[in-house]
Amino acid sequence: VQLQASGGGLVQSGESLKLSCAASGGIFRIRSMGWYRQAPGKQRELVAALSRDGSTNYADSVKNRFTISRDGAKNTLYLQMDNLKPEDTAVYYCKADGTVFYSDYASEFSSWGQGTLVTVSS
């Protein structure tokens, strides 16, 4: 299963961006999806996650500013980012976990998107 992330860019502090992550490649069922980010010199961290049952999990630093959502029909994950701050500057990655179905068997998968850069200027 391949993930294609898009929507990053350069914005000023206080502005908004919406990231998208489209999943494709065969027949699959997604169990969970999430957004991670990695700032220069720092480790990759979880930003927001969305489970198949609709439950969400956010990093404390983005609560009440970021919203994760999914369009199941389009197999696309979104991250609405409002009131962006300079400390949100990072490369954002999407991740998906689930099951992919082949003609005579199924296999678990865990895929990462290629990353999209978000830069917030002060």
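Residue numbers start at 1 and run along the sequence shown. Side chains are part of it too, since the values below use all heavy atoms of this structure and drop only hydrogens, waters and symmetry mates.
In summary, of the residues considered (Asp82, Asn83, Asp88), a side chain to side chain donor-acceptor pair (under 3.5 Å) with Arg65 occurs for Asp88 alone.
Judged as a side chain to side chain contact (heavy atoms under 4.5 Å, CB included), and not counting sequence neighbours, the contacts of Ser122 are Pro86. Take Thr76 and apply the side chain to side chain contact (heavy atoms under 4.5 Å, CB included) test, not counting sequence neighbours, and it matches Ser20, Ala22, Lys74, Tyr78. Among residues two or more places apart in sequence or in another chain, the side chain to side chain donor-acceptor pair (under 3.5 Å) test is passed with Gln114 by none.
Between Ser110 and Asp97, the closest heavy-atom pair is OG-OD1, 2.7 Å. Taking every heavy atom of both residues into account, Leu17 and Gly7 meet most closely at CD2-O, 3.7 Å. When all heavy atoms of Gly113 and Tyr93 are compared, the pair lying nearest together is O-CD2, 3.7 Å. When every heavy atom of Val1 is checked against every heavy atom of Gly25, the shortest pair comes out as CG2-O, 4.1 Å. Taking all atoms of both residues into account, the shortest heavy-atom contact from Tyr102 to Ser107 is CE1-CB, 4.1 Å.
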side-chain contact (heavy atoms from CB on, under 4.5 Å) between Ser6 and Thr116, worked out: CA-CA 6 Å; Ser6 62; Thr116 184; 5.6 Å; no
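Interatomic distance, CG of Leu117 versus OG1 of Thr89, reported as 8.0 Å (0.5 Å rounding). Considering CG of Leu10 and CD of Glu15, their distance stands at 8.5 Å, rounded to 0.5 Å. Interatomic distance, Cys21 SG to Lys95 NZ, rounded to the nearest 0.5 Å: 11.5 Å. Rounding to the nearest 0.5 Å gives a distance of 4.5 Å between CD of Gln12 and OG of Ser121.
Among pairs with a residue in residues 104-122, those fulfilling salt bridge (Lys or Arg N to Asp or Glu O under 4.0 Å) read Arg31-Glu108, at least two apart in sequence or across chains.
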Under 3.5 Å donor-acceptor pairs involving side-chain atoms of residues 44-62, not counting sequence neighbours:
{"from": "Glu45", "atom 1": "OE2", "to": "Arg37", "atom 2": "NE", "distance (Å)": "2.8"}
{"from": "Glu45", "atom 1": "OE2", "to": "Arg37", "atom 2": "NH2", "distance (Å)": "3.3"}
{"from": "Arg52", "atom 1": "NH1", "to": "Ile30", "atom 2": "O", "distance (Å)": "3.3"}
{"from": "Asp53", "atom 1": "OD1", "to": "Ser55", "atom 2": "N", "distance (Å)": "2.9"}
{"from": "Asp53", "atom 1": "OD1", "to": "Ser55", "atom 2": "OG", "distance (Å)": "2.7"}
{"from": "Tyr58", "atom 1": "OH", "to": "Ile68", "atom 2": "N", "distance (Å)": "2.9"}
{"from": "Asp60", "atom 1": "OD1", "to": "Lys63", "atom 2": "NZ", "distance (Å)": "3.1"}
{"from": "Ser61", "atom 1": "OG", "to": "Arg37", "atom 2": "NH2", "distance (Å)": "3.3"}

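Val100 is connected to Met33 through a chain of hydrophobic side-chain contacts under 4.5 Å among Ile, Leu, Val, Met, Phe, Trp and Tyr, so both are in one cluster. Leu77 and Val91 sit in two unconnected hydrophobic clusters of ILVMFWY residues. Membership requires side-chain heavy atoms under 4.5 Å apart, directly or through other members. Met81 and Val120 fall within the same hydrophobic cluster, defined by Ile, Leu, Val, Met, Phe, Trp and Tyr side-chain heavy atoms under 4.5 Å apart, directly or through other members.
Summarising the hydrophobic clusters (Ile, Leu, Val, Met, Phe, Trp, Tyr; side-chain heavy atoms under 4.5 Å, direct or chained), the residues clustered with Ile27 are Phe101.
Taking the six-membered ring where tryptophan is involved, the planes of Phe66 and Tyr92 are tilted, since the angle between them lies from 30° to 60°.
No donor-acceptor distance shorter than 3.5 angstrom exists from the side chain of Ser111 to the backbone of Leu3, with no hydrogens or angles considered.
Side-chain contact between Ser16 and Gln80: present, with at least one pair of heavy atoms (C-beta onward) separated by less than 4.5 Å.
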